[in-house]
Amino acid sequence: MSRLNLLLLGVFLIIVIGLMVWDSTALQRGLSSIFNPVTQTAAKAHETLSIGVLEEDFTNLSLSELQAEYRDLQRSRDALLVRAREFDAIVSENARLREALSFEERTPYELVVAQIISRKGSSWYETAILNRGSAHGIQPDSPVVVAMGKEVALVGRVTQLVGETSATMLLLSDEMCQVAAVVEETQEQGILSGTPDFHDEGLLQLGFLPRETTIRPQQQVFTSGDGGLFPAGLVLGTVLRIENGILDSQALVEPAVPLHKLEEVFILRPQVNTAQNIRDGNSSPEETDTSTEQENAGDL
Amino acid sequence: MTRYLLCLLAMTVLAFVVQEFSPRWPLLWNAELLIVHALFCAIAIATPFPVMLAFALITGFLWDARYQIPLEASTALASSVAQNELPFGFAVFSFGLSGLILQGLRPTFREQSIVLPVVFISVVTALSLFAEYCVLRFHRGSWFFSLGIAWQILLSSLFCSLISPVFLLCLSRLAKRFRYRIRLDGWSEYEAIQKRRDEISASAANAG
């Protein structure tokens, strides 16, 4: 190897070490946002293919069937609007009562609708890219949930903001997404996370349980709310089986929703000003919620 | 040479764009088509050492920017400062090391043989993926290796080697198009010695 090549190799190694030592988060974020249009185009291409499949399904329906479905949807919407009004009234009443009792206020959350635009991330992580970012008030560690009938299921958390209009979400099935959990019937607490051992089966692991655990299969697991990262009471999954170890036990949990089939999710954004606004009379909860809905609908 | 290098740079950027459209295949143990890796390996074989290092820097930098995920080292109970599990710059190092190994195959590529380069592209890709996984496990403080992960690494590297002949052929054609000669280190000195030797033998023959 010539002297010039050795010199260049030395410079190369110095640059590599410099990159490793230097805090590159801001630079990485900036560069990631450059890739954003490409990522979104790729996602749209995938989406177009999916819509093509869906359209084929809809064309099988007759006009009368479509009209019937439309009427059903209208009825559901009207019912939900009535419930939303009731809910708004309860929220404002709750805020007034809390103030009257000087009750310590819980951090309320606001829902931001987001779509998964890409599932492509690093080879070793279970991630998805969402079409909401810092411009929508999203912050790292914001919980990501989906509606599941009357309950809300946790599916992951935001781990990185990529530019203003997208964010990376770490799915619950990843080993690094750890959640403080509690089993409904027994109230036993543990840490729920993805596990490489049962990754292929799509199962989660509820660890740090006492050796003589009383948990049984089919019991439901919820977030405990400890630590304040995730609100309490979000559904995580159902216990499938228990594995007793020498020192402790672990339960294998089936996620509440199939994590690889997610398309639309909700990001929980801390709602700092709403309660204050209600107290100050700046805006009614109805107005705040309506504006958020409009913003979400407009962006989507 | 400049036009050839600019073309390689454009191909690298294009490879990153195409990589976005390349999905992971859950049915094949999450293996994926690593187009960027395949192109870089082909470039490492077809270009001189300084150019290979420059491309390792550019490709690795872009790879880290796009595919590194800074995870808050959060536990279930609290989150702390965001940090990369794999340090930023790891891909630069990994590409550089792969390129260093592949530089040894330049003579075979110059002789229009692609069998050995293709095999080595598969090997270095598998090694770099395995190294990445090892660093990740070291960071997490627990070792785990399953058949699924072995298949993921092997199939990804296999796909990489399968598409590499296209890039090798493409680079060879581009070199001809831009009249770029794939030279080995010390090749000009070797040519000068050969020329001098021919001159001496010619003059000796004339004298005879």
Side-chain angles (χ1 to χ4, degrees), chain A residues 1-2 4-5 8-9 11-13 15-25 27-32 34-35 38-39 41-42 45-46 118-125 127 140-141 157 159-160 168 170 175-181 191-193 196-197 199-200 226-230 260, chain B residues 16-17 19-24 26 29-32 34 48-50 53-54 56-57 60-62 64-79 81-90 92-93 96 100 129 132-133 136 140 142 144-146 148-149 152-153 156 185-186:
Chain A
M1 195 181 270
S2 71
L4 177 70
N5 286 353
L8 286 171
L9 189 63
V11 172
F12 177 80
L13 287 174
I15 292 172
V16 170
I17 294 166
L19 280 174
M20 286 180 177
V21 173
W22 181 47
D23 178 24
S24 53
T25 319
L27 175 78
Q28 196 177 354
R29 191 176 292 178
L31 280 169
S32 298
I34 295 171
F35 285 104
V38 183
T39 311
T41 313
H46 289 296
S118 173
R119 290 186 179 277
K120 203 163 162 54
S122 172
S123 305
W124 312 115
Y125 296 100
T127 55
D141 273 342
R157 67 177 166 94
T159 186
Q160 181 193 20
T168 307
L170 193 67
E175 206 181 335
M176 296 303 283
C177 189
Q178 299 176 336
V179 185
I191 306 286
L192 186 95
S193 67
D197 304 78
H199 180 265
D200 296 341
D226 286 347
L229 272 183
F230 303 102
H260 59 282
Chain B
F16 271 97
V17 174
Q19 186 73 52
E20 287 291 332
F21 292 85
S22 155
R24 277 201 266 168
W29 293 277
N30 275 328
E32 63 180 323
L34 297 165
F49 187 75
L53 283 184
L57 199 64
F61 196 78
L62 289 174
D64 271 343
R66 171 63 187 91
Y67 295 107
Q68 280 277 19
I69 295 164
L71 289 176
E72 282 73 25
S74 68
T75 62
L77 302 177
S79 78
V81 186
Q83 58 172 38
N84 292 328
E85 284 199 299
L86 291 168
F88 192 87
F90 184 82
V92 181
F93 178 73
L100 210 62
L129 286 175
E132 205 173 90
Y133 183 75
L136 201 100
R140 291 185 184 179
S142 66
F144 174 82
F145 197 78
S146 68
I149 287 161
Q152 185 183 354
I153 292 172
S156 296
D185 286 339

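Worth saying up front: this structure is predicted, and the values here are computed from it rather than measured.
Of the two parts of B/Phe144, only the side chain, counted from C-beta on, holds a non-hydrogen atom closer than 4.5 Å to a non-hydrogen atom of chain A. Proximity to chain A (any heavy atom under 4.5 Å) is restricted, for B/Ile149, to the side chain, taken from C-beta onward. Interface residue A/Leu8: backbone and side-chain heavy atoms are both found under 4.5 Å from chain B.
Nearest approach of A/Phe12 to B/Gly96, heavy atoms of both residues: CZ-CA, 3.8 Å. The shortest heavy-atom contact between B/Phe90 and A/Met20 is CA-CE, 3.7 Å. The heavy-atom pair separating A/Trp124 from B/Leu136 by the smallest distance is CB-CD2, 3.8 Å.
Using a 4.5 Å heavy-atom threshold, the side chains of A/Leu4 and B/Phe49 count as separate. Counting only heavy atoms from C-beta outward, the side chains of B/Val92 and A/Ile15 never approach each other to under 4.5 Å.
Considering A/Val11, A/Asn5, A/Leu9 as possible partners of B/Pro50, the one that fulfils the side chain to side chain contact (heavy atoms under 4.5 Å, CB included) test is A/Asn5.
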